[in-house]
A.B. asks: 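Below is one structure. I have some questions about it.
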Amino acid sequence: MSTHIGAAPGQIAETVLLPGDPLRARWIAETYLSDAECYSTVRNMLGYTGTYAGQRISVQGTGMGHPSLAIYAHELMAEYGVRTLVRVGSCGALSDRLAIRSIVLAITASTDSAMNRARFEGFDYAPAADFDLLRTAYDLATSTGMDAHVGPIVSVDAFYSERPELLKRLGEYGVLAIDMETNMLYTLAAKFGARALTVLTVSDHLQTGEETSAEERERTFTTMAELALDTVTRRA
Ligand code: HPA
C-alpha cells in the first residue's frame, strides 16, 4: 500500500474517477461498476475498482481542497501507475451563462492557493485539461442535450470567501465557476505525464444565490458520473 491508499500493486485501474466525497465513490462503484471491489478504507477515503463498458475503472475519493486531493492524486500516479484521472464534483457558478445544474468542463483553473507558488518559486503556472478528454466529454454532453459549458474556472482554498468582490471580478474576466481542487489535479497530471479532466455540476450560483436541494444534487450527480464514465471508456 502507499501512505494513504490501502491497495496492493495492480489493484487500481489505469483510469480513475475522483469524487471529493468518498461516499460518492462507493455510490458510483455500486451503481455503475460490475464486480466492484473496495481496495482502500484508509481514513474512510474509499476506493473501488470494477468494470464499466468492458473496461477496468477505479473510483477514489479525494476529500476537499488542494492539499487533500494532492495526496491521493500523487499516490495514484506515483505508486499505482494511474494515467487518466477525471474529477467529478460540484461548483459554484460565477457566470450568468451558467444555471443551477449546468455542467462545466474546466479547460484551466486559476487559483489563490500557495501550493504552486512554492512549486514554481512564485511563477504563475497555468495548468490545463487534457484536450482529448475535454473534447470527448463535450461532444458526448452536447450530443445528449446536456447544458454543458467549456471554460476556465478558479480553484480556491477557502470555501467561505473573505473576498466575494474578487470572485465577482474573476467572473467578469470570463471565469465560469469555482471549485477547490482542479488547479492541483491538472498540475499533478502534468507533472506525471498523465491526462486529467474536471467535470462539475453547478450546485450553487454566486450571482443569484440559488442553491440545489440534496435531491437535485443526487440527480445531477448521476448525469455527471455517466458522462465521466462514458468519456473515459470511449477514449480507451
Ligand atoms: N466555492 C467553492 N467550491 C464550491 C462551491 C463554492 O461556492 N460550490 C461548490 N463547490
Side-chain angles (χ1 to χ4, degrees), residues 2-6 12 16-29 38 40-48 58-77 82 85-94 98 100-106 108-119 127 129 152-164 166-167 170 175-189 191 196-206 211-214 216-218 220-225 228:
S2 63
T3 308
H4 300 90
I5 301 175
I12 303 182
V16 181
L17 261 54
L18 301 171
D21 178 352
L23 295 181
R24 297 280 196 194
R26 183 168 77 191
W27 181 83
I28 291 173
C38 180
S40 185
T41 57
V42 177
R43 289 175 183 249
N44 288 324
M45 198 57 84
L46 304 172
Y48 296 81
S58 295
V59 196
Q60 171 67 53
T62 65
M64 289 178 280
H66 295 116
S68 184
L69 174 127
I71 288 170
Y72 296 99
H74 180 105
E75 291 180 22
L76 287 171
M77 290 182 277
V82 170
L85 304 94
V86 177
R87 163 167 155 69
V88 283
S90 62
C91 64
L94 296 175
L98 303 182
I100 292 287
R101 295 184 296 278
S102 293
I103 298 252
V104 176
L105 305 171
T108 184
S110 304
T111 190
D112 60 4
S113 162
M115 286 181 80
N116 273 358
R117 271 175 232 148
R119 186 189 305 274
I153 67 165
V154 60
S155 302
V156 296
D157 274 347
F159 182 87
Y160 297 105
S161 178
E162 296 289 340
R163 298 168 299 169
L166 177 57
L167 296 177
L170 286 167
V175 176
L176 295 181
I178 174 169
D179 84 344
M180 300 179 68
E181 295 84 12
T182 297
N183 177 273
M184 193 44 48
L185 174 63
Y186 288 1
T187 299
L188 289 175
K191 174 182 163 90
L197 176 67
T198 285
V199 181
L200 302 167
T201 54
V202 175
S203 61
D204 51 293
H205 208 300
L206 277 81
E211 286 180 10
T212 41
S213 64
E216 283 176 313
R217 278 200 294 278
E218 190 81 51
T220 48
F221 193 80
T222 306
T223 308
M224 179 170 51

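Below, all heavy atoms of this structure are taken into account, side chains as well, without hydrogens, waters or symmetry copies.
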A.B. asks: Who pairs with Ile71 by side-chain contact (heavy atoms from CB on, under 4.5 Å), at least two apart in sequence or on another chain?
C.D. replies: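 Applying side-chain contact (heavy atoms from CB on, under 4.5 Å) to Ile71 gives His4, Glu75.
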A.B. asks: Restricting to pairs with a member in residues 60-74, which pass salt bridge (charged side-chain N to carboxylate O under 4.0 Å, His left out), not counting sequence neighbours?
C.D. replies: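 Passing the test, one end in residues 60-74: no pairs.
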A.B. asks: Is any side-chain heavy atom of Leu167 less than 4.5 Å from a side-chain heavy atom of Leu94?
C.D. replies: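 Of all side-chain heavy-atom pairs linking Leu94 with Leu167, at least one is under 4.5 Å.
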A.B. asks: Given side chains that start at C-beta, do those of Ile12 and Ile5 come closer than 4.5 Å, heavy atoms only?
C.D. replies: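 Yes; the side chains approach each other to less than 4.5 Å.
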A.B. asks: Between Met77 and Lys191, is any pair of side-chain heavy atoms under 4.5 Å apart?
C.D. replies: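 The answer is no, as the side chains (C-beta and beyond) never meet within the 4.5 Å cut-off.
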A.B. asks: Flag the pair Val88 / Ile28 as yes when at least one side-chain heavy-atom distance between them is below 4.5 Å, and no otherwise.
C.D. replies: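 Yes, at least one pair of side-chain atoms sits under 4.5 Å.
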A.B. asks: Holding to side-chain hydrogen bond (donor to acceptor under 3.5 Å, both in side chains), I want the full list of residues that pass it with Thr111, two or more places apart in sequence or in another chain.
C.D. replies: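 Thr111: no side-chain hydrogen bond (donor to acceptor under 3.5 Å, both in side chains) contacts found.
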A.B. asks: Which residues pass the side-chain hydrogen bond (donor to acceptor under 3.5 Å, both in side chains) test with Thr62, sequence neighbours left out?
C.D. replies: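 Thr62: no side-chain hydrogen bond (donor to acceptor under 3.5 Å, both in side chains) contacts found.
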A.B. asks: Is any side-chain heavy atom of Arg87 closer than 4.5 Å to one of Leu197?
C.D. replies: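 Counting from C-beta outward, Leu197 and Arg87 never come under 4.5 Å.
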A.B. asks: Do His66 and Asp157 meet the criterion of a side-chain donor-acceptor pair at a distance under 3.5 Å?
C.D. replies: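 The criterion, which ignores hydrogens and geometry beyond distance, is satisfied for Asp157 and His66.
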A.B. asks: Do Asn44 and Pro22 come close enough that some side-chain heavy atom pair is under 4.5 Å?
C.D. replies: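 Side chain of Asn44 against side chain of Pro22, heavy atoms only: no contact under 4.5 Å found.
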A.B. asks: Listed by chain and number, what are the side-chain contact (heavy atoms from CB on, under 4.5 Å) partners of Arg24, not counting sequence neighbours?
C.D. replies: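 Partners of Arg24 by the side-chain contact (heavy atoms from CB on, under 4.5 Å) criterion, ordered by chain and then number, come out as Pro19, Asp21, Arg217, Glu218, Phe221.
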A.B. asks: Determine whether Trp27 and Thr222 make a side-chain contact, defined as any pair of heavy atoms from C-beta on separated by less than 4.5 Å.
C.D. replies: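 In contact.
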A.B. asks: My understanding is that only residues two or more places apart in sequence, or in another chain, count here; which of them pass side-chain hydrogen bond (donor to acceptor under 3.5 Å, both in side chains) with Thr198?
C.D. replies: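 Scan of Thr198 (side-chain hydrogen bond (donor to acceptor under 3.5 Å, both in side chains), adjacent residues dropped) gives Thr182.
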